[in-house]
Amino acid sequence: MFFLIYIAAFAFYIFHMAPSVTVGDAGEFIASAKILGIAHAPGYPFFSLTGKIVSLMIPWGSAAFRINILSAAAGAGAAAVVYKLIRENLTPDRERFASWAAVGAAAVFASSIAVARSATQTEVFTLNALFASMITWALLSFAQRREYVGDTARILSGGGGKSERFLYLASFLFGLGASNHQTIILLLPAAVWLILRERAALLLRRAPILLLFAALGFSLNFYLPIRATAKPALNVGDPSTPRNFVRVLRRADYGTLKLTAGEKPVYSTAALIRQSRRVISGIAREFGVAGAIVILTGAGAIAAGKIILPAGAAGFWFILYLFAVPFFIFMGNLPFDAESEGILERFYVMGNIPLVFLLAAGAEATRKIIVKMSSKKISPEKQTPGRDAEAMPVAGRILQAVPAAAIFAFAFFNAVANRKDFDLRHYFLAHDYGRNVLKTVEPRGALFMDGGDDTFYTTAYFVFAEKLREDVSLFDRGAVVFQSPYGADFRRLTRDEKDIRRSTVEKLFAARRPVYFSTFNKDIMGRGGVSQTGILYRARNGLKTSDAIMAAIKDGGLKTAGDWFFNFYSMRNVFEELTDSRSRALQPIYPFLEASAMAEEASKSAVGNTAIGGITVKSASILDYCLKRWPEVSWLETNAAIEAEHIAYSRFIVGDFETAKGLYEMITRHNPMNYSAWTNMGVVFERMGRGDKALECYARAYQANPRHTSAYYNAAVIYWKRGDWEKVAEFFGEVVEIEPRNDKARGYLDAARSKIVKQPTVLKTP
């Protein structure tokens, strides 16, 4: 059955597997395996070496296709070992219905979203799950032995001297697993608990040997400095020196205990409550509400003694899940946005192992209840210890099959419901994006990337693994992923020094060869220093666009090189309903940048040009569409607002107030807290002679940001024109309170107060 489960799960994953590179880290992992490079910290040497072996063993397909198969094989292996864990430790009876429940639980594990999505593309998490399941099996095998009475098994603690070999195996797998993904360490507290609970003296006696086996497995990490000395094209962190090697192992560039670079939310009671809800919603997302109920049933049955586990095993499963998911989520403390949810999903893979065990426990508890109730109907003379199931009525035996059948049905419906999340058979979004980026770069061009894993890693995959466009030089402006052109000391410079160094080096490059930027910053080489070319920006360096491109532009009747690129890009999956956050963050790249190109063209023309007015409206409508289609994408919200404000300002200065007003309304509709847009819309209303509407906009601005002085200042000016000196004093007073050194506002405040004092007092007639 073990091998049948492996074959079935492997076939399931292969059927749904991505044909090429996917978003996220996939391109980097594929490239580092293909060329034996160094991936981002902590380097992932086990995956790189295993991926290289797999790519050599499989004689067909692209590098991405071959190494995707590694994830599928590892995921299938994890599902098979999960079955073995449940069968040996939860349902060891030789009753076939218990066995089928274990098979169904393994199917539930295999079809859960986090596991299936990781198994159908290049990722390190199915290998991590395989290590975790094998370590768990070795630990539980060490801690227990079995005796059979008829068809019923008794699980006994303390497996004897020979079981120590399982402990040595677990130690070696711990070390080896840490060279694949360091989160395997989250299994350690549960392991220590189990061993101390059962045989504490043995742990103390064998500690040196256990450490030796763990060190032997972990020694695979020494591949990193050895390979780094050869300076492979992917050499992230360059661990060729002891200092850099340690930095890579402890993920110093991210922060050792952080999941991502950047600031984390402040720890608080409210944040703790929200993270707890995240844990619960993660269970429901992976297994549905019905699955969560069965999991709770299994946990309750174990806690109540209805399901008997060896001493220490119940605590082992509880501690394993506690550290694999809740503790990890609380430690990571990621923000509550779609991007963070996407990052966390893959870390549910290991946590699904104890949850599926509890799911099977819930089914087994139900089966035992059925057996007990049906056994009461057996006459005393037919009752035989351990063989009541055979003597029970036919109806009872049929009912006994219900829990196993329910788990199979749940696995089937869970797979069908989740299929849209892991069916990557026709997924080419990242593949096309990487090729489109390289299409845009002229021969012998240099591509400087201003952030974005999908740009870094898809281009790395094509250039290094597939040997496509090897004439293009790849650089990241943070000097982390690719060989740095900025000098060996670049990472130690201050922010201002880095900016100066980048500008100097990039201008030198641009003087000799075509230079392109992947960025949202149009002023990356100073104002007017770059021109948009498709989804990239090209340095204005006196080099002309290639004759082939210019001929195509002329033949097609298009105006710019950017227009031509958007007409020949391959954009499969861009407008499909994809569910993962990383794909959704990549999809709007094309429409957003096309709108940006239109806006740039429109901003150069006068209001009287009807054609340009149409381009402006179209650009704004594309931005509006993007914000409606992908509202959770943070980069889009920020940059679409910047782009729309840029268009609005360009229309404002040529007197097209209606268009400017419409754009600001669009921005505030999508983000009511955008105080800058509210203030600018207020200015537009002022120029249209609608002071009351302007005041409403300024009020919305300072409500969104109480320290936004421009809104107070502009409101004070309107009241000045109206002669309402008390309001003038109130709003200029707000400005001065926030900016005590604003002498201009203070002068107006003093003038307003003096006018209030000089106003005659009107006496009312009694």
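Below, all heavy atoms of this structure are taken into account, side chains as well, without hydrogens, waters or symmetry copies.
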Closest approach of Ala79 to Ala106 (non-hydrogen atoms, all atoms of both residues): O-CB, 3.6 Å
Check: Phe323 and Leu188 side chains under 4.5 Å, non-hydrogen atoms: no
Side chains of Leu139 and Leu167 in contact at under 4.5 Å (non-hydrogen atoms): yes
Heavy-atom pair with the smallest gap, counting every atom of Ala324 and Gly351: CB-CA, 4.1 Å
Phe462: partners by ring pair (Phe, Tyr, Trp, His ring centres under 6.0 Å), with sequence neighbours left out: His431
Pairing of Asp423 and Arg425 as salt bridge, 4.0 angstrom limit: yes
Heavy-atom pair with the smallest gap, counting every atom of Phe316 and Ala191: CE1-N, 4.0 Å
Qualifying residues under salt bridge (Lys or Arg N to Asp or Glu O under 4.0 Å), relative to Asp432, sequence neighbours excluded: Arg572
Side chain to side chain, Ser62 and Glu466, heavy atoms closer than 4.5 Å: yes
Flag side-chain contact, heavy atom, 4.5 Å: Tyr13 against Ser71: no
Please output the side-chain donor-acceptor pairs of residues 109-116 that fall under 3.5 Å, not counting sequence neighbours, one pair per line with the distance.
unit_1 : atom_1 : unit_2 : atom_2 : d
Ser111 : OG     : Ala107 : O      : 3.0
Ser111 : OG     : Val108 : O      : 3.3
Ser112 : OG     : Phe109 : O      : 2.8
Ser112 : OG     : Asn352 : ND2    : 3.2

Side chain to side chain, Arg584 and Asp580, heavy atoms closer than 4.5 Å: no
Under-4.0 Å salt bridge between Arg582 and Glu339: no
Heavy-atom donor-acceptor pair, Glu123 side chain to Arg346 backbone, under 3.5 Å: no
Ser171: which of Leu216, Ile135, Leu210 passes side chain to side chain contact (heavy atoms under 4.5 Å, CB included): Leu210
Check against side-chain contact (heavy atoms from CB on, under 4.5 Å), Ile69 and Ile14: CA-CA 7 Å; Ile69 291 176; Ile14 291 295; 4.0 Å; yes
Least distance between heavy atoms, Asn68 atom then Ala18 atom: ND2-O, 2.9 Å
Salt bridge (Lys or Arg N to Asp or Glu O under 4.0 Å) involving Arg227 - partner list, sequence neighbours excluded: none
Residues that Tyr433 engages under side chain to side chain donor-acceptor pair (under 3.5 Å), provided they are two or more places apart: Thr455
Residues which pass side chain to side chain donor-acceptor pair (under 3.5 Å) with Glu341, listed by chain and number, not counting sequence neighbours: Arg278
Student check: side-chain heavy atoms of Leu85 and Trp317 closer than 4.5 Å: yes
Side chain to side chain donor-acceptor pair (under 3.5 Å) pairs, two or more places apart, involving residues 209-223: none
Interatomic distance, Ser581 atom OG to Ile343 atom CD1 [nearest 0.5 angstrom]: 7.5 Å
For Ala314 against Ile302, the heavy-atom pair lying closest together: CB-CG2, 3.7 Å
Flag, side chain of Glu28 to backbone of His40, donor-acceptor distance under 3.5 Å: yes
Partners meeting side chain to side chain donor-acceptor pair (under 3.5 Å) with Tyr427 (sequence neighbours left out): Ser583
Phe327 vs Tyr321, side-chain contact (heavy atoms from CB on, under 4.5 Å): CA-CA, chis, key distance, verdict: CA-CA 9 Å; Phe327 171 79; Tyr321 180 72; over 6 Å; no
Exercise: identify the closest heavy-atom pair between Ala31 and Leu234: CB-CD1, 3.6 Å
Contact list for residues 38-66, test salt bridge (Lys or Arg N to Asp or Glu O under 4.0 Å), sequence neighbours left out: none
Flag, side chain of Asn128 to backbone of Gly177, donor-acceptor distance under 3.5 Å: no
Set of residues satisfying side chain to side chain donor-acceptor pair (under 3.5 Å) with respect to Thr579, sequence neighbours excluded: Arg117, Asp421
Pairwise distance CG(Leu578) to CD(Glu576) - rounded to 0.5 angstrom: 6.0 Å
Heavy-atom side-chain contact between Phe218 and Phe174 under 4.5 Å: no
Met17 vs Phe65 side-chain heavy atoms within contact, under 4.5 Å: yes
Ring centers of Tyr83, Phe2 separated by less than 6.0 Å: no
Nearest-0.5 Å distance, CZ of residue Phe357 to OG1 of residue Thr136: 10.5 Å
Verdict with supporting geometry, Thr458 and Val23, side-chain contact (heavy atoms from CB on, under 4.5 Å): CA-CA 8 Å; Thr458 54; Val23 290; over 6 Å; no
Phe131 ring center near Phe46 ring center (under 6.0 Å): yes
Geometric class of the Phe166/Trp137 ring pair [parallel <30°, tilted 30-60°, perpendicular >60°]: perpendicular
Evaluation steps, side-chain contact (heavy atoms from CB on, under 4.5 Å), between Ile67 and Phe47: CA-CA 10 Å; Ile67 298 173; Phe47 188 91; 3.9 Å; yes
Reported CG-to-NE2 distance for the pair Asn573 and His426, which is rounded to 0.5 angstrom: 10.0 Å
Parallel, tilted or perpendicular, as decided by the 30° and 60° cut-offs, for the rings of Tyr44 and Phe29: perpendicular
Arg206 and Tyr168 side chains, donor-acceptor separation under 3.5 Å: yes
Whether Thr120 side chain and Phe422 backbone form a donor-acceptor pair below 3.5 Å: yes
Give every donor-acceptor pair under 3.5 Å between a side-chain atom in residues 401-418 and any protein atom, sequence neighbours left out.
unit_1 : atom_1 : unit_2 : atom_2 : d
Asn414 : OD1    : Asn418 : ND2    : 3.2
Asn418 : ND2    : Asn414 : O      : 3.2

Ile185 side, atom CD1; Gln182 side, atom CD - distance, nearest 0.5 Å: 8.5 Å
Contacts of Ala73 that satisfy side chain to side chain contact (heavy atoms under 4.5 Å, CB included) - sequence neighbours left out: Tyr6, Phe10
Pairwise distance CG(Leu130) to CG(Leu173) - rounded to 0.5 angstrom: 9.0 Å
